[in-house]
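Only one structure is covered here, and it is reproduced in the block below.
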Amino acid sequence: MKYAYFPGCSLKGTGKAYEESLLPVMKHLGVEMQELDDWNCCGATAYMAVDEGKACAAAARNLAIAEKSGLQQVLAPCSACYLVLNKTQHYLHEYPGMRQTVARALETVGLRCEGTSAVRHPLDILLNDIGLEAVKQKVTRPLKGLKVAPYYGCQIVRPYATFDDQTNPTTMDRLLEALGATVVKWPLKTKCCGGSLTGTLPEAGLRLSYILLKEAIKRGADVIATVCPLCQFNLDAYHPKISARWEPVPIPTVYFSQLMGLAFGLPDNQVVLHRGMIPMKPLAAPAPAAAAAR
Amino acid sequence: MSAKKEELRIGFYVCHCGHNIASMVDCVAVARSVEKLPGVALARDYKYMCSDPGQVLIQQDIREHKLNRIVVASCSPLLHEHTFRGATEAGGLNPFYFHMVNIREHDSWVHTDRQEATEKAKALAEAAIRRVAHHKALEIKKVPIHPDVLVVGGGIAGIHAAMTLANAGKKVYLVEREPSIGGHMAKFDKTFPTLDCAACILTPKMSEVGSHPNITLWTYSDVTKVDGYVGNYTVQVKRKARYIIEDLCTGCQDCIPNCVFKEPKFTDDFNEGLGKRKPVYIPFPQATPQVVVIDPEVCLNFKRGKNPDGSPIVSDKCKKTCVEACGEKNAIDFTQKDELKEIKVGNIIVCTGFKTFDAGRVPAYGYGTYKNVYTSLEIERLVNASGPTGGEVILREGKNPDGSPKTPKSIGIIHCVGSRDKKTNIWCSRVCCMYSMKLAHLLKEHTDAELYNFYIDMRTPGKGYEEFYNKLLEEGTHFIRGRVGEVTDWAMTPEEEGKLVIRVEDTLAGVVRRIPVDMVVLATGLEPQADAGDVRRLFNMSCGGDGWFLERHPKLAPVNTFTDGVFLAGCCQGPKDIPDTVAQAGAAAAEAMVLIDRGYVEQEPNTAFILDQECSGCKSCIPLCPYTAILFDEERKKAYINEALCKGCGTCVGACPSSSIVQNLFEDSEIFSEIEGVLSYD
Amino acid sequence: MDIKRTIKYEADRVSGFGREVMAVPGCEALEHCIQCGTCSGVCPLSIYMDYTPRQVMELVRSDFKNEVLQSHTIWLCASCYACTTECPRQIRITDIMYELKQRAIKEKVYPKRFPIPVLAEEFTKMVHDYGRISETWLVSKMYLRTNPVAALGMAGLGMNLMKTGRFSLKQDKIERRSELARIMESVDQQNQKAQA
Amino acid sequence: MTKPWTPRIVAFFCNWCTYTAADLAGVSRLKYASNVRVIRLMCSGRVDPQFILDALARGADGVLIGGCHPGDCHYVEGNYKMLRRFELLKRMLVDFGIEPQRVRLEWISAAEGEKVKTVINEMTQQLQALGPLGMPQKFTAWDQELEHLAQAVQARDAAAGPCPTHAAPSPTPEVVHV
């Protein structure tokens, strides 16, 4: 299995723990990921607010590069990138005017975007291409006793994802269970973390992150697992501000890929738990048999 | 034929239909243009051709101007062809010397350019003029009507239709899928807006049906096959094995307490899963017929798999205490098999009803996730004195400190669940506003709880309905205009702890609110039965895009279908309340009686026949006929058509390689001249 | 007591504004709005808005352009798409919000020193100049343009990021920057042509 | 009057589904192109391929056939019979040099007034793009060509003088119709 890999800006910046943990996990599962040649920023949500034509063209450049590379499946781990690339595909299919504008713009640099590539999320690939059975086979240190609140955030399931339910997604739940973790049921799975409002309008934005952290603790979670660099940033890096404004809500937020690395028994520098501000409670010692297997 | 010698004298009439046609088509210009065509003796335009004077005009012209063909350009032939054929006949001509041009539905109503619409009308008129020249005198066939009627579905619609017919002396077969008739109405506690008890008004009618000499009641039965046509339907009914001999069961129900299962432990569908029943059960106390049923899926006597024919294998594991209790009545028969019955009827009334929307399809409202979220039908059973709790409203989850079940102190009723939503059902289900208010009233009466109704628009169009709304306002029920965003169980404030929280925009106040409640009721909408598609095919009806059965005309033929002799009543045609359902059932019964009392139906003489000398005997046509109306004379090596079986589709005519089959009313020459006519414009 | 007249005259409407917005790709379904309020009911930020999302929809449809473009609502939308998913008329409310943001930026009618549009602008500029985003730089620029004092309050956050190795002042860029620039230019030209 | 050219469509609609749907389109006041002329038949199964050829030969630019959805035919399966004929006919039309888009078979149920409108508008647009078929004009042109040809041959024969036995073998035709 080989995928074109679109990391996006966050995975090279504040969200580097996502990339640092996802790449080894995928490699461990025998998945090849080839970083897209000279990719550019997808445009995220901010660009849409300025000019949707340019936003689509910028995103389409990436899709065009992917098509040129011959890899039809584009793996976009960041939720915003996943949404924007998907949205671009939809716009190009649904609106002939937009398709024309973008095609002409790409033509000036000799690129073509036919809209044939599929934009995929790692969760989609893990469950539907690789399969939970293959994942389970790689688990050497089951996350026994670890209570995880799966947090999907908004943009991977809404509004374009087809691989999971938009209101009550379960792909990460099933993945975490395969890793041996206990999944905490909570109704905030897909609630907004505040997005970029945590920086621009902290009173409104941070409150949403605060509610998530508070409710996860209340439901007995040890850790929150996320799929989005912005969610992780908001729930992790803003802890001091949230404690100062409301109350301390000390619960770590990690990427699901970090928990996978942990369960696969990958070395610490591939699990990169040290990137989080709130330390994760150490796991129970591995069962002797499992330890021997390692 | 002598008609060939006769000079063609066509009378042409173009109808203004008030402004309906005249505003988009220049009727005078059309008449003037047609006037010049060969064979046309006169061309007139007139305000309303279908009116009495319009018809009289045709009759007079036939006599005074010796017309021998009539063409009317007006509305759709499906609406008024019959009218004008009548006028033609009254004028002394064979009615099939008439042809109709549709310049309203197919022209003036769908186009926006007057000139183009006028040109189109001229071309269509010319086609008809050319066509009618080829028309022949035909005779209408009269086919006798079988006087018996089949009513499918035993809800209030089917009950009322069957009773109406039976009281008029007609023989009725009432077929119901469930073990008892009564339908959804039997589950209701009270009915809006009068709040009379549903059981009190329904059960007398049910038992009347059960005992009426003119009604053959077959419950626990499915219609499996329908053949024939208006007046002469042959229907196959499968009577599912209920393992009880209906004639022998007295309804004493002694078997039920004596079942080897001491406690009821199987899901009770009649109580919407809120109660339990045994393998041998009667759906509800007033069930009609008063005959028990044995559920082979759970009865110990059948726990041995299936026979090759699909029937369950009877085992000897069970002590059969039920049989003992039944004693010498001997009504229990474990070897009973499904039985196929064949009946002949002349008319069919379809009253197959609706199903309620599956609330789990709106995950944001938490049905299935939070136990204290209920559907409206569950609440109907919960407030019902003969329901699973004896009419006590208690929560599924949560106990009082003393361990007793909790009653809700605050209740939110969410309207329009599954309705008015493009993701689920786009239609308004019509009854939910009213039944939600009814439930609000009943819940208030039972619990004295704080009640909130969340609605998008309040729809109370009915006699006494708005007054009922007023009554609820007086009772202090809160009405919040806003579609609920979500129901969750996470608390932001101390008073929200342990409650279900409804988040909604109070659109009239213009604020977003969070309202904690103990119980949420989802006013689920109505949707077509899951097997409506199969039923539709069975009876050769049409469905609208939304899945409801389609009436022949939304205003003028609301209980007719496109198939003669098949009528509709009740919610299978679309959501409606009980008064409307009953009115429709009466109307359908009356429509059936029209046919029965007339005694015959007239059949379009559009059957096909074979020109003997032309037939090459290739047999291409024979397998094409779905009615096996085409036979082959082996001796003469010629095909021939049994006119009685021919339905007039013309498929064989279109396929005959030697053009030796002719369809009356749709002869090749008629259609070719029509093609020529419609292409006669520039 | 301060009192304020809230009446709207027909002259307050910018005739054709609603139609114009509804003609934009993604915004067509607005004409089917039944004002049920589901959008506001699910919106996590509706509680801070001057107009609820539902009211914005109606204001757009009724041509109240100035009210809409000057509202806080459009800037408070965090693009979580909850409204779009739940709307019973499948109106893409989030996309309509984007469209309104674009118009407000073009007409420069947002509040002064309001960080959100500034962030959007800086973001766009950075993509234009470098092809990629360096979050730390981006945020710093935004604070400098809107509220330099608050930037000081963010120092702690920066320290924490540095501690966990997530703070970088390196500006990431793509190789073929001219290629991206040409694409953008072409879109601009096409847009200008379309407007002309 | 120089009206811009618009395509002419002859439509054969079955009485039970598509004709009723067209009535519904009318009752719903949907608007569609005015260049379609509907001929009512009891069933799409009645459509003889000759009707289609005749319509094209007499100047139609396109032919539309409307029947009930598969499984919904009022006469059980007349629509299937039509479908089979239609597929064969389309192949033949291609051989004649007639674009297959000029004939169209659509399943339109009695409830689908909207579909009547979209199909007619769509087809009008497609035919507009294809341009006129102009069979009657072609027939005239072909007749003229043949006449010219015959005259030329006669003239040559006359010039060559009387033939002792047979006429000279016919020359290679100058015009080949595709």
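Note on naming: letters A, B, ... go to the chains in the order of the sequence lines (proteins, then strands), and numbering restarts at 1 for each one.
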Measuring heavy-atom distances to chain C, does [X] have an atom under 4.5 Å in its side chain, in its backbone, in both, or in neither?
X        : value
A/Asp236 : side chain
A/Pro240 : side chain
A/Leu83  : side chain
A/Ser196 : side chain
A/Thr167 : side chain
A/Gln100 : backbone
A/Lys191 : neither

Just give me the residue among [options] that pairs up with chain C most often, heavy atom to heavy atom, under 4.5 Å.
options                                : answer
A/Ser10, A/Gly53, A/Gly13, A/Ala58     : A/Ser10
A/His239, A/Glu203, A/Arg104, A/His274 : A/Arg104
A/Gly110, A/Ala57, A/Ala237, A/Pro159  : A/Pro159
A/Arg207, A/Met98, A/Arg61, A/Lys12    : A/Arg61
A/Gly276, A/Ala204, A/Cys154           : A/Ala204
A/Gly15, A/Gly43, A/Gly97              : A/Gly43

Just verifying a value: how many Å separate [X] [atom1] and [Y] [atom2], rounded to the nearest 0.5 Å?
X        : Y        : atom1 : atom2 : answer
A/Arg158 : C/Glu86  : CZ    : CD    : 8.0 Å
A/Asp38  : C/Glu179 : CG    : CD    : 7.0 Å
A/Leu111 : C/Arg176 : CG    : CZ    : 7.5 Å
C/Thr164 : A/Lys16  : OG1   : NZ    : 9.0 Å
A/Thr14  : C/Leu161 : OG1   : CG    : 7.0 Å
C/Ile183 : A/Thr108 : CD1   : OG1   : 6.0 Å

Charged N-O contact under 4.0 Å between C/Arg92 and A/Glu52: no
Closest contact, heavy atoms only, [X] versus [Y]:
X        : Y        : result
A/Tyr91  : C/Pro25  : OH-O, 3.8 Å
C/Pro44  : A/Cys192 : CG-CB, 3.7 Å
A/Ala105 : C/Gln190 : N-NE2, 3.6 Å

Intermediate values then yes/no, side-chain contact (heavy atoms from CB on, under 4.5 Å), A/Val157 and C/Thr85: CA-CA 10 Å; A/Val157 282; C/Thr85 307; over 6 Å; no
Largest heavy-atom contact set with chain A, pairs under 4.5 Å, which of [options]:
options                      : value
C/Leu76, C/Val187, C/Ile174  : C/Ile174
C/Ile74, C/Ile116, C/Val24   : C/Ile116
C/Leu119, C/Asp95, C/Val118  : C/Asp95
C/Glu175, C/Glu135, C/Arg182 : C/Glu135
C/Thr124, C/Leu180, C/Asp172 : C/Thr124

Chi angles and distances behind the salt bridge (Lys or Arg N to Asp or Glu O under 4.0 Å) call for C/Lys106, A/Asp51: CA-CA 9 Å; C/Lys106 259 181 219 144; A/Asp51 186 322; 5.5 Å; no
Intermediate values then yes/no, side-chain contact (heavy atoms from CB on, under 4.5 Å), C/Tyr48 and A/Leu197: CA-CA 12 Å; C/Tyr48 297 102; A/Leu197 290 180; over 6 Å; no
Verdict with reasoning, C/Asp188 to A/Lys54, per side-chain contact (heavy atoms from CB on, under 4.5 Å): CA-CA 8 Å; C/Asp188 270 339; A/Lys54 283 164 126 182; 3.3 Å; yes
Chain A contact via C/Glu99 - side chain, backbone, both or neither, heavy atoms under 4.5 Å: side chain
C/Glu28 versus chain A, the contacting section by heavy-atom distance below 4.5 Å: side chain
A/Lys68 atom NZ, over 12 foreign heavy atoms within 6.0 Å: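 Atom NZ in A/Lys68 is not packed in, count stays at 12 or less.
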side-chain contact (heavy atoms from CB on, under 4.5 Å) between A/Cys41 and C/Tyr130, intermediate numbers included: CA-CA 9 Å; A/Cys41 172; C/Tyr130 303 106; over 6 Å; no
